[in-house]
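To keep things clear, I will list the structure first and then write my remarks on it.
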Amino acid sequence: MQGFDRAYYQRFYFNSRTAVTSKAEMRARAQLIGAAVAYVGLPVTKILDAGCGIGLLRAPLLRAFQRAEYVGLEYSDYLCQRYGWRQGSVASFSTRERFELVVCYDVLQYLTEAQARRAIANLAKWCRGALYFGALTREDWRDNCDQSRTDRIPGLRGGNWYRRELSRYFRAMGCGMWLRHDLPLTIWNLDALA
């Protein structure tokens, strides 16, 4: 796995000319997550942001879920020292804690296929309700992303690989939202993708 050091975050997060995202984009993403979870009626008391980076989702998620506790999990030693996140890889971190909402955004593309499979199994183990998931796919690299603002990642997988692996544990709701198969909520037929 590549080094996620100070230089990496300076280039892709702190420098406004080369940043891959913005606070405004992350606020909008948190609003989407909050609205989707509220729509299905899932109460959230604990949030895990697996691969939280510099924590751009923390404040807007806590605004959306005012009674929730936020836990940031991050691989980068640099970020854990700077922000106090829990240190570990999504593929190998172990915890007995469970979370009604798990967020894993832009992380698994950096893992090998075997690591990504273990990470998805961990996400399913930690998640008691909703998962918000995103990863850069081969199709996104080719058709959607600004390649001058995104680091080249060898071995990108296709979107269908992620859909197949996630569907073992979750039901796709669209816009990156997934719900556990065993979640005791009424989900209208056309609200789910399959």
Side-chain angles (χ1 to χ4, degrees), residues 1-15 18-23 25-26 28-30 32-33 36 47-58 61 71-80 83 85-94 99 101-127 130-170 172-178 193:
M1 209 170 347
Q2 84 180 62
F4 295 100
D5 56 8
R6 184 179 186 281
Y8 175 89
Y9 289 98
Q10 183 60 40
R11 176 177 179 200
F12 292 113
Y13 289 88
F14 299 131
N15 184 331
T18 58
V20 295
T21 192
S22 66
K23 286 183 180 181
E25 180 184 345
M26 290 298 112
R29 191 173 311 282
L32 169 75
I33 295 167
I47 301 166
L48 174 65
D49 192 350
C52 59
I54 65 171
L56 290 175
L57 283 172
R58 183 180 185 273
L61 282 175
V71 174
L73 173 65
E74 178 53 48
Y75 178 79
S76 166
D77 264 348
Y78 165 72
L79 292 183
C80 289
Y83 295 104
W85 309 135
R86 292 188 191 174
Q87 207 278 327
S89 166
V90 179
S92 59
F93 186 74
S94 180
F99 305 84
L101 174 61
V102 174
V103 175
C104 186
Y105 179 70
D106 263 358
V107 175
L108 268 59
Q109 68 264 23
Y110 294 102
L111 304 179
T112 66
E113 188 170 304
Q115 290 170 328
R117 256 195 201 100
R118 283 194 305 275
I120 290 170
N122 276 339
L123 294 172
K125 182 171 52 175
W126 302 329
C127 181
L131 169 70
Y132 177 79
F133 181 85
L136 184 67
T137 65
R138 271 195 311 264
E139 298 87 357
D140 290 323
W141 177 260
R142 183 187 65 228
D143 301 330
N144 299 324
C145 77
D146 180 348
Q147 293 182 13
S148 69
R149 287 180 176 242
T150 304
D151 55 334
R152 177 70 172 130
I153 303 165
L156 288 174
R157 291 172 285 280
N160 284 336
W161 185 91
Y162 289 105
R163 286 183 198 91
R164 184 179 62 250
E165 295 300 318
L166 288 163
S167 68
R168 293 176 184 200
Y169 311 98
F170 300 97
M173 302 299 291
C175 293
M177 293 302 304
W178 296 76
L193 296 179

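All values below come from the heavy atoms of this structure, side chains included, with hydrogens, waters and symmetry mates left out. Just so we're clear, the structure is a prediction, and the values are computed from it rather than from any experiment.
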Atom pair [atom1]/[atom2] of [X] and [Y] - distance to nearest 0.5 Å:
{"X": "C80", "Y": "W85", "atom1": "SG", "atom2": "CH2", "value": "9.0 Å"}
{"X": "R142", "Y": "L156", "atom1": "CZ", "atom2": "CG", "value": "11.0 Å"}
{"X": "N144", "Y": "T137", "atom1": "CG", "atom2": "OG1", "value": "7.5 Å"}
{"X": "M26", "Y": "L61", "atom1": "CE", "atom2": "CG", "value": "10.0 Å"}
{"X": "C127", "Y": "I120", "atom1": "SG", "atom2": "CD1", "value": "13.0 Å"}

Residue pair [X] / [Y]: nearest heavy atoms and the distance that separates them:
{"X": "E139", "Y": "G159", "result": "OE1-N, 3.0 Å"}
{"X": "C52", "Y": "G72", "result": "SG-CA, 3.7 Å"}
{"X": "A91", "Y": "N122", "result": "O-ND2, 3.2 Å"}
{"X": "L111", "Y": "A119", "result": "CD1-CB, 3.9 Å"}

With side chains defined as the heavy atoms from C-beta onward, is the minimum distance between [X] and [Y] less than 4.5 Å?
{"X": "L131", "Y": "L166", "answer": "yes"}
{"X": "Q87", "Y": "D77", "answer": "yes"}
{"X": "R138", "Y": "W161", "answer": "no"}
{"X": "L79", "Y": "I54", "answer": "yes"}
{"X": "M173", "Y": "Y132", "answer": "no"}
{"X": "F93", "Y": "W126", "answer": "yes"}

Donor-acceptor pair, [X] side chain versus [Y] backbone, under 3.5 Å?
{"X": "E74", "Y": "G88", "answer": "no"}
{"X": "R157", "Y": "L108", "answer": "yes"}
{"X": "Q109", "Y": "I153", "answer": "no"}

Worksheet item: Would R29 count as a cation-pi partner of Y105, with NZ or CZ less than 6.0 Å from the six-membered ring centre and within 45° of the ring normal?
Response: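 Yes - R29 lies over the ring of Y105, closer than 6.0 Å to its centre and within 45° of its axis.
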Worksheet item: Which of these, L123, V90, L73, L136, sits in a side-chain contact (heavy atoms from CB on, under 4.5 Å) with V107?
Response: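 Checked L123, V90, L73, L136 against V107; only one passes side-chain contact (heavy atoms from CB on, under 4.5 Å): V90.
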Practice prompt. Kindly assign one of parallel, tilted or perpendicular to the pair W178 and F170, based on the angle between their ring planes and the thresholds 30° and 60°.
Written response: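 Plane angle over 60°, so perpendicular.
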